[in-house]
Amino acid sequence: MTRDELLDLFRRSGALLDGHFRLTSGLHSSGYLQCALVLQHPDVAERLGRAIGEKTRGLGPTVVLSPALGGIVIGHEVGRALGVRAIFAERQDGTLQLRRGFALSESDRVLVVEDAVTTGGSTRETMQVAVAAGGRVVGAASIVDRSGGSARFDVPMHSLFEIGLPTYQPDTCPLCAQGLPVVKPGSRVVV
Ligand SMILES: [Zn+2]
């Protein structure tokens, strides 16, 4: 899938919006990305999983590990494409960990899969979970890299596409300066 095809897919499912948004962080942005809206379509999720699988098969992963909740659906589809297990880590008392009997062994080659990488922090934390459980991390992957090139790891990282979504402090927001009304993502938006 080309970048244009992916962007079109995201726009059509409302997963990528152009406008003027107030994010949960309080910052304003000219774009909004919500991967769950594209992943709600199982056939699309499967295609995206296959595309990530093609990019990462060469790393020889034996298991996919994703952080809950955002990484679970796409992690499962990547696992399906690669023919390997797909497990997830979840937060308890503030710490990301393996629960539900999920386990890794020292022969496991772990691919960390997320929906979107923003700062790389949660990818790094998921890698630490894999190592602490005895696995070896061979790579990381996401549908979207919105880090602007700042998310770098000591293993190969593959994303299907990169996108920059600029954020602004409300008092210096150029969209506010133009008098455009700001909306909260999730509310009905006419683009
Ligand atoms: Zn604004």
Side-chain angles (χ1 to χ4, degrees), residues 1-39 44-45 47-49 51-56 58-59 64-75 77-78 89 91 96 110-130 137-178 180 182-186 189 191:
M1 278 190 266
T2 65
R3 185 171 192 276
D4 282 347
E5 284 170 340
L6 287 159
L7 286 173
D8 183 53
L9 194 62
F10 269 68
R11 288 212 163 88
R12 272 190 288 123
S13 56
L16 179 61
L17 301 174
D18 302 308
H20 182 199
F21 302 98
R22 185 187 300 112
L23 308 179
T24 312
S25 60
L27 297 175
H28 290 195
S29 179
S30 57
Y32 176 68
L33 183 78
Q34 177 49 268
C35 288
L37 290 175
V38 84
L39 293 170
V44 175
R47 272 177 75 197
L48 295 172
I52 291 176
E54 281 165 20
K55 282 177 177 270
T56 54
L59 300 171
V64 169
L65 174 63
S66 300
L69 281 164
I72 293 179
V73 172
I74 188 60
E77 292 299 340
V78 174
R91 209 166 286 283
L96 200 65
V110 181
L111 177 68
V112 171
V113 172
E114 286 195 83
D115 53 353
V117 168
T118 304
T119 62
S122 99
T123 300
R124 237 171 245 115
E125 202 180 347
T126 310
M127 288 177 177
Q128 287 162 5
V129 170
V137 179
V138 295
S142 67
I143 305 170
V144 190
D145 177 357
R146 51 185 301 187
S147 74
S150 66
R152 290 289 168 263
F153 311 100
D154 50 12
V155 293
M157 166 76 193
H158 294 282
S159 293
L160 296 184
F161 68 103
E162 295 183 16
I163 192 165
L165 296 173
T167 53
Y168 310 105
Q169 295 293 340
D171 51 358
T172 55
C173 172
L175 303 167
C176 284
Q178 289 170 39
L180 296 172
V182 62
V183 298
K184 189 169 156 282
V189 181
V191 181

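R146 places a side-chain heavy atom less than 4.5 Å from the side chain of L33. Contact of the Y32 side chain with the D18 side chain is not registered, since no non-hydrogen atoms from C-beta on lie closer than 4.5 Å. Under the 4.5 Å side-chain criterion, counting only non-hydrogen atoms from C-beta, I143 is in contact with L39. When side chains are defined from C-beta on, C176 counts as touching H20, because their heavy atoms get closer than 4.5 Å. Between L27 and Y168, the closest side-chain pair of non-hydrogen atoms is not below 4.5 Å.
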Indicate every side-chain donor-acceptor pair of residues 149-159 with a distance under 3.5 Å to a residue at least two apart or in another chain.
unit_1, atom_1, unit_2, atom_2, d
S150, OG, S147, O, 2.8
S159, OG, S142, OG, 2.8

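With rounding to the nearest 0.5 Å, the separation of CD in E5 from CG in L160 is 11.5 Å. The line from CG of L17 to CZ of R11 is 9.0 Å long, rounded to the nearest 0.5 Å. Atom CD of E77 is separated from atom OG of S66 by 11.0 Å, given to the nearest 0.5 angstrom. Between the CD1 atom in I74 and the CD1 atom in I52 there is a gap of 4.0 Å [rounded to 0.5 Å]. Here the CG-CG distance, from L6 to L16, works out to 11.0 Å after rounding to the nearest 0.5 Å.
Applying the side chain to side chain contact (heavy atoms under 4.5 Å, CB included) test to V44 and every residue at least two apart in sequence or in another chain returns L9, V38, H41, L48.
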Evaluate side chain to side chain contact (heavy atoms under 4.5 Å, CB included) for F161 paired with V144, printing each intermediate quantity in order.
CA-CA 5 Å; F161 68 103; V144 190; 3.6 Å; yes
Show your reasoning for whether side chain to side chain contact (heavy atoms under 4.5 Å, CB included) applies to I163 and R3.
CA-CA 10 Å; I163 192 165; R3 185 171 192 276; 4.3 Å; yes
May I have the step-by-step check of side chain to side chain contact (heavy atoms under 4.5 Å, CB included) for H28 and L175, ending in yes or no?
CA-CA 8 Å; H28 290 195; L175 303 167; 5.9 Å; no
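Residue L69 qualifies as open at atom CG: its count of foreign heavy atoms under 6.0 Å is 12 or below.
Looking only at atom types and distance, the side chain of S122 has a donor-acceptor partner in the side chain of E114 under 3.5 Å away.
The nearest pair of heavy atoms linking V113 to P67 is O-CD, 3.5 Å.
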